[in-house]
J.: 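So that we are looking at the same thing, I have put the structure below in structure tokens.
Side chains are part of it too, since the values below use all heavy atoms of this structure and drop only hydrogens, waters and symmetry mates. Here is the naming used below: chain letters follow the sequence lines, and residue numbers restart at 1 for every chain.
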Amino acid sequence: MDIQRPRGTRDFLFDDMKERKQVEDTLRKVFETYGYQEIKTPLFEDLNLFTMKSGEGITEQIYHFQDKGGRDLALRPELTAPVARLYINELQKRPKPLKMYYFGSCFRYERPQKGRWRQFWQMGCELIGGRSPDCEAEIIAMSAHCLEELGLENFEIHIGNLGIIRGILDGAGVSKEEQDEIMAIIDKGEINELKSTLNKFNISDKISKILLTLVNMQGHQEIIEETKKIVSDNEDSLKALQELKELLDILEAFGFYKYTVNLGIARGLDYYSGVVFEIYVHDLGAQKQISGGGTYNLIELFGGGEVESTGFAFGFDRLMECVRLCGAEKELPNTVDVVVAPISNDEKFKAIEIAQKLRKEGIKTDVDLTGKKLKKILSQADNLQAEYVIMVGARELKENKITIKDMKSGNQELLLLSQIPIYFEKL
RNA sequence: GCCGGGGUGGGGUAGUUGGUUAUCCUACGGGACUGUGGAUCCCGCGACUCGGGUUCGAAUCUCGGCCCCGGCCCCA
């Protein structure tokens, strides 16, 4: 019987994992320099955690099941809700702001395609209990920092504030449900569908015109002034706009200018409330969004206190795709530094002894225990990109020596057993 | 869930107007070389995605499943 890997999942081989680990370590390092601490939540959670407030879209894509106790559980489709739950369960009384990051896989039952898998990894941060818009600026600047650290350049960071459009809709007396529907269509970017929906909800021509103008607003700081004129008679919108302006100013203090103000971004998940942002890499094709985030009020919805929180996550697999695409990969570390080669079976014990000494010094060492011929061992060592081979043979051992071969130059010399640690001090 | 393109040894491929034993490269194992790698030569290993149909005969035609790729929907 031939058992296949489930659809939409992947096996990662040695080099894949080396590359992924490098990217993971890079992000981890950046997050930690901003004072974020790692957390880990379960792979599955109570189904309600996700169905409650993540919006309709996501519930159809959830892997859910009942365990033997009849509990309705779900493989997590995202990590923001689990982190909010963790906060409410464990961290409510900690001093604020709380900065945390996570790295883990999520699951969605969807049709796989480029940049989309059924098991995928997210790496992101949540900043709970900070002040808006300062924490939003930090999060955005930090995500840009991550991308720069990875050597990526071809990304665009789009920033918007849902409060501007929500303010207009509130002012026009549009219900929460209708608003959500409208926001979903804006997120899609379907102008015609937006027009017909605005019509369907009997929204006045004047308001419709404002909305259609807003969703197309894209640019730099000048957008703020232009938008101010358009929404001048709506206080909530003006307030949201002012907040966005402040965010941009702070962002520039962080040293980041390469942003795009985009009032047309809405985010798929319903729990976002204020500032939202998305990062695109157009070369990726259809699944070009590598990150998204914003400010949300999940914690309140789950029965926690009234706490501002902002978060974002990288689609880790898409990030990997970018790194590959841009040729930004770093050199992969070698598998072993040294291979110890017993010339015959008689030297096997001695070879093991030498290998163990090296390993205890932290040197990546392989020792051949299969009784291969020296020729094969050298070939294998070459394949593993070992820097040195230590040949342990009867001739040398008679004088308490071994032969050490530098695999790059091909040079070799005799060494006393006692000198081996000294020889490798430089490694 | 929908549309389109695919699936041949471990990896990459040739072959598809149906017709002997399915091509080549590479990787791997062994040998030429009894203690010296990345070279050469020889030998070996190993595949038609799965199931049904048409046929004297199917990798090749046909139907369906599975999986992969690109796109839609949706999303990271």
J.: Nearest whole angstrom, please: distance from the P of B/A76 to the CZ of A/Arg76.
T.: 15 Å
J.: Under the ring pair (Phe, Tyr, Trp, His ring centres under 6.0 Å) test, which residues partner A/Tyr259, sequence neighbours left out?
T.: A/His220
J.: Using Watson-Crick or G-U wobble geometry with both distances under 3.5 Å, which nucleotide pairs with B/A59?
T.: none
J.: Going by atom types only, do A/Gln179 and A/Arg166 share a side-chain donor-acceptor pair under 3.5 Å?
T.: yes
J.: Side chains of A/Thr295 and A/Glu136: is there a donor and an acceptor less than 3.5 Å apart?
T.: yes
J.: Sequence neighbours excluded, which residues qualify as salt bridge (charged side-chain N to carboxylate O under 4.0 Å, His left out) partners of A/Arg324?
T.: A/Glu19
J.: Can you name the side chain to side chain donor-acceptor pair (under 3.5 Å) partners of A/Ser309, sequence neighbours left out?
T.: none
J.: So, A/Tyr63 and A/Gln119: side-chain donor and acceptor under 3.5 Å apart, yes or no?
T.: no
J.: Please enumerate all residues that pass side-chain contact (heavy atoms from CB on, under 4.5 Å) together with A/Glu138, with sequence neighbours excluded.
T.: A/Tyr34, A/Tyr36, A/Lys99, A/Leu127, A/Phe254
J.: For A/Tyr87, which residues count as a ring pair (Phe, Tyr, Trp, His ring centres under 6.0 Å) partner, sequence neighbours excluded?
T.: none
J.: How many Å lie between CZ on A/Arg108 and C1' on B/A76, as a whole number?
T.: 6 Å
J.: To the nearest angstrom, how far is A/Gln113 atom CD from B/C74 atom C1'?
T.: 9 Å
J.: Residues of residues 310-324 of chain A with any non-hydrogen atom less than 4.0 angstrom from an atom of RNA chain B: list those, numerically ordered, please.
T.: A/Arg318
J.: Are A/Glu347 and A/Ser344 linked by a side-chain donor-acceptor pair shorter than 3.5 Å?
T.: yes
J.: Does B/G70 have a Watson-Crick or wobble partner in any strand here, with both distances under 3.5 angstrom, and which is it?
T.: B/C3
J.: Roughly how many Å is it from CZ in A/Arg116 to C1' in B/C75, rounded to a whole number?
T.: 6 Å
J.: Take atom NZ of A/Lys114 and atom P of B/G70, then tell me their distance rounded to the nearest Å.
T.: 6 Å
J.: Check the pair A/Lys350 / A/Glu353 against salt bridge (charged side-chain N to carboxylate O under 4.0 Å, His left out), numbers first and verdict last.
T.: CA-CA 5 Å; A/Lys350 197 72 199 172; A/Glu353 193 188 313; 3.4 Å; yes
J.: Encode nucleotides 36-46 of chain B as B, S and - characters from 5' to 3', where the letter depends on protein heavy atoms closer than 4.0 Å: B to the base, S only to sugar-phosphate, - to neither.
T.: BBB--------
J.: More 5' along RNA chain B: A/Ala394 or A/Ser291, using each one's nearest nucleotide?
T.: A/Ala394
J.: Could you work out the separation of B/A47 and B/G10 based on their P atoms and round it to a whole Å?
T.: 7 Å
J.: Which protein N or O atoms sit under 3.5 Å from an N or O of nucleotides 64-68 of chain B?
T.:
{"unit_1": "B/C68", "atom_1": "OP1", "unit_2": "A/Gly8", "atom_2": "N", "d": "3.1"}
{"unit_1": "B/C68", "atom_1": "OP2", "unit_2": "A/Arg7", "atom_2": "NE", "d": "2.9"}

J.: Which value, rounded to the nearest 0.5 Å, describes the distance between A/Leu414 atom CG and A/Arg395 atom CZ?
T.: 9.5 Å
J.: What protein N or O atoms touch nucleotides 6-12 of chain B N or O atoms at under 3.5 angstrom, if any, and at what distances?
T.:
none

J.: Rounded to whole angstrom units, what separation is found between the CZ atom of A/Arg10 and the C1' atom of B/C69?
T.: 15 Å
J.: Which nucleotide, if any, forms a Watson-Crick or G-U wobble pair with B/A32, using both distances under 3.5 Å?
T.: B/U40
J.: List for me each residue that meets salt bridge (charged side-chain N to carboxylate O under 4.0 Å, His left out) alongside A/Lys348, sequence neighbours excluded, and say none if there are none.
T.: none
J.: Among all residues two or more places apart in sequence or in another chain, which pass the side chain to side chain donor-acceptor pair (under 3.5 Å) test with A/Ser409?
T.: A/Asn411
J.: Under 4.0 Å, heavy atoms only, any strand: does A/Glu110 hit a base, just the sugar-phosphate, or nothing?
T.: base
J.: Report the residues that fulfil side chain to side chain donor-acceptor pair (under 3.5 Å) with A/Arg85, sequence neighbours left out, ordered by chain and then residue number.
T.: A/Glu45, A/Asn89
J.: CD of A/Gln122 versus C1' of B/C75: gap in Å, rounded?
T.: 10 Å
